[in-house]
Amino acid sequence: MSASTQAVTAHADAPPPRRIAVLISGSGTNLQALIDAAGTPRLPHAQIVLVLSNRKAAKGLARAAAATPPIPTAYLALQPYLRTHPGATREEYDVAVAQAVLDVSPDVVVLAGWMHIVSQRFLDVLRGAGAGGGDVREIPVINLHPALPGQFDGANAIERGFKAFQSGEVDRLGVMVHRVIAEVDRGAPVIVREVEVMKGEVLEVYEPRMHRVEWEIIVEGTKMVLDEVKPLLVDI
């Protein structure tokens, strides 16, 4: 067997890359961390197959389009959806988002700055609820949240946590990747990391430090979950 034939055979026998769908709402710096890591030893045999935003002007969409190769993107926002689907509910919007995700057959869904609280219906769709026949598997959904478990659920967690530390209400801060459940930021942690914070420093000094840790653990947490999930063999 020639070297070239061996290379082709090895390539044919290689498992398909793990498929990641990322939901964003903003600048996409956490998305960029995933883009930079995909296919490297930090996130091996993985590719981002969809970046979906609920904001049309989200810079993260441009980051996806500028990736090599470009990553497919989608835009689906709540209010435009409700206007074009008279009588539709917020939960029906969540189902539409979940279906857009299912269409790319991901192994994991990562909420990376997705500023929309997902409903139980969103999670049910990704768990295969209501699907008829076939081998249905649950697609895990994880979220990056800049707080320690049980601290500062919801929006503006960095600012709220920093203020609480400086006023003596808490003595440590951090960030986590957690599994998504209907209760906001209450799913089981996948990875938790404390972030150094010092008395008397200003938010503008602390926040970049927090973001650097976010960029590390969103990659680590995604890899941990992918390592748990059996690949779905699909013909895309």
Side-chain angles (χ1 to χ4, degrees), residues 18 20-44 46 48 51 53-55 58-60 62-64 67 108-118 140-229:
R18 310 310 303 275
I20 303 168
V22 184
L23 274 55
I24 65 167
S25 297
S27 65
T29 56
N30 295 311
L31 165 66
Q32 188 66 56
L34 290 168
I35 292 173
D36 293 344
T40 75
R42 296 186 63 216
L43 199 54
I48 302 171
V51 173
S53 174
N54 63 350
R55 294 180 181 171
K59 186 178 178 182
R63 291 180 187 272
V108 64
V109 179
V110 182
L111 309 186
W114 174 251
M115 303 305 292
H116 173 87
I117 299 172
V118 300
V141 184
I142 60 175
N143 178 55
L144 177 72
H145 184 60
L148 296 174
Q151 284 189 345
F152 313 110
D153 301 337
N156 304 314
I158 294 178
E159 294 84 353
R160 290 159 53 212
F162 181 79
K163 182 178 179 180
F165 177 85
Q166 295 299 339
S167 65
E169 297 174 45
V170 297
D171 59 5
R172 61 194 184 102
L173 298 174
V175 58
M176 66 174 170
V177 172
H178 66 90
R179 299 182 189 275
V180 175
I181 61 175
E183 291 76 23
V184 177
D185 298 323
R186 288 286 168 164
V190 175
I191 182 170
V192 178
R193 189 77 47 81
E194 288 194 26
V195 177
E196 182 184 18
V197 57
M198 293 173 280
K199 286 289 187 181
E201 70 176 340
V202 295
L203 179 62
E204 290 75 14
V205 172
Y206 168 71
E207 190 167 9
R209 191 184 309 132
M210 165 65 83
H211 290 322
R212 287 192 293 272
V213 179
E214 287 180 324
W215 301 335
E216 293 175 1
I217 74 163
I218 196 170
V219 173
E220 293 174 21
T222 299
K223 182 180 183 301
M224 290 171 67
V225 172
L226 283 175
D227 287 346
E228 298 172 358
V229 177

Specify the closest pair of heavy atoms between [X] and [Y], including all atoms of both residues, with the distance to one decimal.
X: R179; Y: V190; result: CG-CG2, 3.8 Å
X: R186; Y: H178; result: N-CE1, 4.4 Å
X: P208; Y: V205; result: CD-O, 3.4 Å
X: P140; Y: V225; result: CG-CG1, 3.6 Å
X: P146; Y: A157; result: O-CB, 3.8 Å
X: G60; Y: I24; result: CA-CD1, 3.4 Å

4.5 Å side-chain heavy-atom contact, [X] and [Y]:
X: Q151; Y: L173; result: yes
X: F165; Y: K199; result: yes
X: L43; Y: I20; result: yes
X: H116; Y: S25; result: no
X: D153; Y: E183; result: no
X: V197; Y: M210; result: no
X: W114; Y: N143; result: no

To the nearest 0.5 angstrom, please state how far the [atom1] atom of [X] sits from the [atom2] atom of [Y].
X: L144; Y: L31; atom1: CG; atom2: CG; result: 12.0 Å
X: L111; Y: H145; atom1: CG; atom2: NE2; result: 12.5 Å
X: L226; Y: I142; atom1: CG; atom2: CD1; result: 7.5 Å
X: I191; Y: I217; atom1: CD1; atom2: CD1; result: 5.5 Å
X: M176; Y: E214; atom1: CE; atom2: CD; result: 12.0 Å
X: R212; Y: E207; atom1: CZ; atom2: CD; result: 11.5 Å

Is atom CD1 of I181 surrounded by more than 12 heavy atoms (other residues, nucleotides or ligands) closer than 6.0 Å? yes
Using only atom types and a distance under 3.5 Å, with no angle test, would you say the side chain of R193 pairs donor to acceptor with the backbone of V177? no
Tell me if a side-chain donor or acceptor on R209 pairs with a main-chain N or O of V195 at a distance below 3.5 Å. no
Donor-acceptor contacts, no H, no angles, side chain residues 33-42, under 3.5 Å, sequence neighbours left out:
from : atom 1 : to  : atom 2 : distance (Å)
D36  : OD1    : Q32 : NE2    : 2.9
T40  : OG1    : A37 : O      : 2.6
T40  : OG1    : R42 : N      : 3.2

Ring-plane angle category for W215 and H211, please: parallel below 30°, perpendicular beyond 60°, tilted otherwise. parallel
